[in-house]
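For reference, the structure is listed below as C-alpha cells.
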Amino acid sequence: SAWLGAWAWDGVVQSLKKQGHNVVVLDLPGHGQDKTPVAEITLQHYVEKVLSELNRLDDEVILVGHSFGGVTISQVAESAPGRIRALVYLAAFMLSDGGSFIDAVSNIKGFKKSVAVENFSLSEDRNSAVVEASVMHDAFAHDVPLESFKSASQYMVPEPADPLFEKPSLSESRFGSVPRYYIEATEDRAVPLEAQRQMIAELPVRQQFTLESSHCPNFSQPSAVAAYLHKIAEICLETDSSLA
C-alpha cells in the first residue's frame, strides 16, 4: 500500500491466523520500518523484496496487494508466476502491460472523482509524493473514527515517487497465467468504485467481491477482508482438487 507498511494489516493478519492460515506481511522499501531513502527506490526494489520472501517459503502463495500494491504484485507475478497460486487486488491498481500509476489516474475516467488524486502532489525534489494532510482521513478511511485514523497516520510515510511513474512490463504467458481476484470497495474516495470497475473491465478477474468500505478496509473491516481472503484460499484448494 502507498504510504503504509506491514503494520496496516495487523487486524487482517490476526483474523487469518485464527483460521489457521500462515500469513507473511512485508515492509516494502521506504515503508514502515524500512528506511531505504526514497530517492533510491524503484518498482524493481519492491519486486525484489517480495521475491526474496517468496524464496524463503516452500509453498505457493496467495499474493495480496492493496492500492498501489496492486502494481507490485502484478510485476512479481510476471517474475515468478509459478510461485503464486492467486493474485488478490484489494481496492488496488490492477493495470495492463505498460500502464503506470500516473497514466491510470490521468486516463481512467473514474479517477476524476478521487479526493486523493485531487489533493496529490510531489515534493519539491520530486522524490516523494503526498496527499494533503487535511483530506487524508476523508480520502482514505472516512469510515474509521477520526481519532483512530490520527493515531495510525503517525506511521504513514512519504511515498517514493519513481515507482508511480514506472510502466510495468507484463505478459499474458506469465502474469496472465496467474488467477486474479478483486475485492472492490464501494465507498472508496481514493480509487473510486468507477475506476476499480473500469480496471476490472479491461483486465477481467476470475471472481469479484464487494465491501461497503472506504479505500482502507484493512482498517475499517479487517475481519471482512480476512473472510474474503479465506474464501479465495478455499476456491484455490477446490481448483487444485479438481485438477488432481
Side-chain angles (χ1 to χ4, degrees), residues 1-4 8-9 11-13 15-16 23 25 62-77 84-96 99-118 120 131 135-144 149 164 168 170 175-176 178-236 239:
S1 305
W3 297 286
L4 305 177
W9 292 90
V12 178
V13 170
S15 292
L16 285 172
V23 187
V25 290
I62 295 173
L63 200 56
V64 184
H66 170 247
S67 195
F68 183 76
V71 177
T72 300
I73 66 172
S74 294
Q75 195 64 68
V76 171
I84 304 166
R85 184 169 290 179
L87 297 171
V88 182
Y89 297 83
L90 176 63
F93 284 81
M94 185 175 67
L95 307 177
S96 301
S100 71
F101 166 91
I102 293 297
D103 291 337
V105 299
S106 301
N107 299 329
I108 295 177
K109 183 181 176 183
F111 280 106
K112 294 186 184 301
K113 300 176 183 177
S114 171
V115 176
V117 172
E118 287 176 0
F120 172 94
V131 170
V135 303
M136 288 278 280
H137 179 242
D138 184 48
F140 295 121
H142 65 272
D143 52 354
V144 172
F149 182 80
L164 305 178
L170 307 172
F175 159 70
V178 181
R180 295 185 295 271
Y181 297 83
Y182 202 103
I183 304 173
E184 63 180 20
T186 61
E187 310 304 314
D188 197 328
R189 298 175 185 174
V191 181
L193 182 60
E194 182 181 348
Q196 294 174 57
R197 290 185 173 173
Q198 282 177 262
M199 290 187 284
I200 293 168
E202 293 176 13
L203 204 60
V205 297
R206 181 162 292 186
Q207 198 161 339
Q208 184 175 341
F209 304 92
T210 300
L211 287 172
E212 292 184 11
S213 167
S214 67
H215 184 58
C216 291
N218 46 318
F219 289 147
S220 63
Q221 300 184 45
S223 295
V225 173
Y228 276 147
L229 296 179
H230 178 73
K231 183 175 181 62
I232 291 167
E234 289 185 323
I235 293 170
C236 291
T239 301

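Everything numeric here is computed off the predicted structure, so don't read it as measured data.
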Donor + acceptor pair across side chains of Glu187, Ser214 (<3.5 Å) | no
Contacts of His137 that satisfy ring-ring contact (aromatic ring centres under 6.0 Å, His included) - sequence neighbours left out | Phe149
Would you please name every residue forming a side-chain contact (heavy atoms from CB on, under 4.5 Å) with Glu202, sequence neighbours left out?
-> none
For Ser74 and Leu170, work out which heavy atoms get closest and say how close.
-> O-CD2, 3.5 Å
Heavy-atom nearest pair, Val191 first then Ala91, reads CG2-O, 4.0 Å
Taking every heavy atom of His215 against every heavy atom of Ala139, the minimum-distance pair comes out as CB-O, 4.1 Å
side-chain contact (heavy atoms from CB on, under 4.5 Å) between Trp9 and Val64: does it pass, once the steps are laid out?
-> CA-CA 11 Å; Trp9 292 90; Val64 184; 4.0 Å; yes
Give the minimum heavy-atom separation between Val71 and Pro168, together with the two atoms involved.
-> CG1-CG, 3.7 Å
Heavy-atom side-chain contact between Asp143 and Ser213 under 4.5 Å = yes
Check Pro217 against Leu90 and note the closest heavy-atom contact, atom names and distance.
-> CG-CD1, 3.6 Å
Ser114 side chain vs Ala190 backbone, donor-acceptor pair below 3.5 Å = yes
Counting only heavy atoms not in Glu118, do more than 12 fall under 6.0 Å of its CD?
-> yes
Shortest non-hydrogen contact from Leu95 to Ala104?
-> CD2-CB, 3.8 Å
Could you state the interatomic distance from CE (Met199) to CD1 (Ile108), rounded to the nearest 0.5 Å?
-> 5.5 Å
In Å, rounded to the nearest 0.5 Å, how long is the span from SG of Cys216 to CD of Gln221?
-> 12.0 Å
Show the numbers, then the answer: is there a side-chain contact (heavy atoms from CB on, under 4.5 Å) between Phe120 and Val105?
-> CA-CA 11 Å; Phe120 172 94; Val105 299; over 6 Å; no
Residues in ring-ring contact (aromatic ring centres under 6.0 Å, His included) contact with Tyr182, at least two apart in sequence or another chain = none
Tell me, with the steps shown, if Leu211 and Tyr228 meet side-chain contact (heavy atoms from CB on, under 4.5 Å).
-> CA-CA 10 Å; Leu211 287 172; Tyr228 276 147; 3.5 Å; yes
With sequence neighbours left out, what residues match Lys113 under salt bridge (charged side-chain N to carboxylate O under 4.0 Å, His left out)?
-> Glu194
Between the OG atom in Ser15 and the NE2 atom in His230, the distance rounded to the nearest 0.5 Å is 11.5 Å
Using atom types as modelled and distance alone, determine if a side-chain donor or acceptor of Gln196 lies under 3.5 Å from a backbone N or O of Ala185.
-> yes
Can you say whether the rings of Phe93 and Phe101 are parallel (under 30°), tilted (30 to 60°) or perpendicular (over 60°)?
-> tilted
Quick one: CD1 on Ile183 to CD1 on Ile232, what's the gap to the nearest 0.5 Å?
-> 4.5 Å
Who passes side-chain contact (heavy atoms from CB on, under 4.5 Å) against Lys231, sequence neighbours left out?
-> Gln207, Phe209, Ile235
Measure the spacing between CG of Leu193 and CG of Asp188 and express it to the nearest 0.5 Å.
-> 8.0 Å
Is there side-chain contact between Met94 and Leu87, with at least one heavy-atom pair below 4.5 Å?
-> no
Once you round to the nearest 0.5 Å, how far does CG of Leu4 lie from CZ of Phe68?
-> 13.0 Å
Ile200/Tyr89 under side-chain contact (heavy atoms from CB on, under 4.5 Å): CA gap, chis, key distance, verdict = CA-CA 10 Å; Ile200 293 168; Tyr89 297 83; over 6 Å; no
Keeping to residues at least two apart or across chains, list the salt bridge (charged side-chain N to carboxylate O under 4.0 Å, His left out) pairs with something in residues 100-111.
-> Asp103-Lys167
